[in-house]
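Working notes, beginning with the structure itself.
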Amino acid sequence: MEHFSGSFTQQEPIPEAGVEAAIEVLRNGRLHRYNTAGDEIAQTALLEEEFAAFTGARYCLAVASGGYAMATALRALLVCPDAPVLTNAFTLAPVPGAIASIGARPVFIETTPDLTIDFTHLENMARETGARVLMLSHMRGHLCDMDRLMALCDSLGVRVVEDCAHTMGAAWNGVPSGRHGVIGCYSTQTYKHMNSGEGGLLVTDDAGLAARSVLLSGSYMLYSRHRAAPPPEVFEAMRLDVPNISGRMDNLRAAILRPQIAMLDDRRMRWNALYAVMEAGLDQTNGLRLIPRPAAESYVASSFQFTLPGWKPARVTALLARCAARGVELKWFGAPDPVGFTSRYEHWRYAASPRLPQTDAVLAGLIDMRLPLTFSTEDVALIARIIRAEVLAVGQGEVAPVTALRMGD
Ligand SMILES: *Cc1c(COP(=O)(O)O)cnc(C)c1O
């Protein structure tokens, strides 16, 4: 019987150019972004300029984490304590956490079988709660129809902040992810598309929001050292009114990240090649549903999802155990208790929510795995053969009620 022996959590090393730049920062000791010698430009300021250019945004701010970027976006938008903030029910803990961190209230929106936000429920909840902001999480890299979403949110008077933790380098109809909403937030944590251990980036075209974000991140009165930021006049109008909530990025992380921007496109192609092998290997497996990818979506497939529509929990558990015994670590969003990074909305008790039956039905059968770039296409083909064989084996005893779970879209 075939067995897989690779690691689902082993990332690639930091590129040599990043290692060298990091050592240079360590040697000169100027790690703080505002600690520069003479007319030196800080690594952090250069990173912001380069990432702004990469996304086509006018302004960019580098911060301590993706979660911090999201909280900063909400603060910059002047979301008040207790205010409702719409967000995806299918997301990860830092998203409701960012909303809760400013004392606001997450309002979870239903999930379609294609793992994106449900527009009908979104519209209903926007009207019912009067929420003015949507924190849109492009969870696991699945983009909703961004043209329809923006038209809907514009008509509702809802401003969109994009959580692009899984979509750095992705696009909808040619527009980069993070550039549809008023602010885009990215994470550079180890498991994302660029790796600095921890880190985050925020982009926007709005000068007021950019200036407020810079001040919020803890710029003291050194905002003129930012290059991908609005001119000093914009800051002068507000600099005494915005609190300092320190969450800056440092030059060490920025040095590690800068050479990775140019690698994003190559990484996208390699990830998508692995994804295509997995998709082909699992296609036409009875009881297993692949997630369709719309033609307008240009994705970066750093992970892979499929659903087991209608499967009872005991059968899913049996499948996970059998795959694990063959070295294939699958994550399940239907587990009763949170496991590692995998949790779902009712596990976030501080953000009480009514049951969301559509989301519950989707998550009950949702299987997730990472596709690290340390995998070869042969590795992925082997993993697909193991999953396929076990899905068929576990499915043999009884007939899987493969109900078409088409709802809401
Ligand atoms: C990782 C992640 C974030 C941000 O995470 P940080 O660890 O704070 O950088 C936000 N949203 C999602 C969906 C994530 O997976």
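Hydrogens, waters and symmetry mates play no part in the numbers below; they use all other heavy atoms, side chains included. All ligand and atom numbering here is 1-based and tracks the order in the structure. The structure presented is a predicted model; accordingly, all values stated were derived computationally and were not measured.
- Both the sub-6.0 Å distance and the 45° axial angle are not jointly satisfied by Arg370 relative to the ring of Phe304.
- Within the 4.0 Å heavy-atom cutoff, Pro94 counts among the residues contacting ligand 1.
- Listed by number with element, the atoms of ligand 1 under 4.0 angstrom from any heavy atom of Asp163 are 10 (C), 11 (N), 12 (C), 13 (C).
- Per-residue contacts place Gly66 under 4.0 angstrom from the following atoms of ligand 1 (heavy atoms of the residue considered): 4 (C), 6 (P), 8 (O), 9 (O).
- No donor-acceptor pair closer than 3.5 Å links the side chain of Asp114 to the backbone N or O of Thr116.
- Contacts of Lys331 classified as salt bridge (charged side-chain N to carboxylate O under 4.0 Å, His left out), with partners at least two apart in sequence or in another chain: Glu329.
- With ligand atoms numbered from 1 in the order given, ligand 1 contributes 10 (C) to contacts under 4.0 Å with heavy atoms of Met70.
- Using a 4.0 Å cutoff on heavy atoms, His138 does not count as a contact of ligand 1.
- Ligand 1 places these atoms under 4.0 Å from at least one heavy atom of Val95: 11 (N).
- Atom numbering of ligand 1 starts at 1 in the shown order; those under 4.0 Å from a heavy atom of His166 are 13 (C), 14 (C), 15 (O).
- Screening Arg227, Arg33, Arg225, Arg58 for a salt bridge (charged side-chain N to carboxylate O under 4.0 Å, His left out) involving Glu48 leaves a single residue, Arg33.
- For the pair Ser177 and Glu162, the minimum side-chain heavy-atom distance is below 4.5 Å.
- Taking only nitrogen or oxygen atoms, main chain and side chain alike, Ser137 does not reach within less than 3.5 Å of ligand 1.
- Contact annotation: the side chain of Phe306 never approaches that of Asp368 to less than 4.5 Å [non-hydrogen atoms, C-beta and beyond].
- Heavy-atom proximity to Gln189, at under 4.0 Å, picks out these atoms of ligand 1: 1 (C), 7 (O), 9 (O).
- Taking every non-hydrogen atom of Ala165 and a distance limit under 4.0 Å, the qualifying atoms of ligand 1 come out as 2 (C), 3 (C), 10 (C), 11 (N), 12 (C), 14 (C).
- Taking a 4.0 Å cut-off on heavy atoms, Lys192 registers as neighbouring ligand 1.
- Nearest non-hydrogen protein atom to atom 9 (O) of ligand 1 is Ser187 OG, 2.7 Å.
- Ring planes of Tyr186 and Phe51: perpendicular class, angle over 60° (limits at 30 and 60°).
- Partners of Glu390 under the salt bridge (charged side-chain N to carboxylate O under 4.0 Å, His left out) rule, at least two apart in sequence or in another chain, are Arg322, Arg326.
- For ligand 1, the polar-atom distance check finds an N/O of Gly67 within less than 3.5 Å of one of the ligand's N/O atoms.
- Using the six-membered ring where Trp is involved, Tyr223 and Phe235 have ring planes that are parallel, under 30° apart on the 30 and 60° scheme.
- No part of Thr188 comes within 4.0 Å of ligand 1, judged by heavy-atom distances.
- Applying the side-chain hydrogen bond (donor to acceptor under 3.5 Å, both in side chains) test between Tyr345 and each of Thr111, Asn88, Asp360 identifies Asp360 as the sole match.
- Heavy-atom proximity to Ser65, at under 4.0 Å, picks out these atoms of ligand 1: 8 (O), 9 (O).
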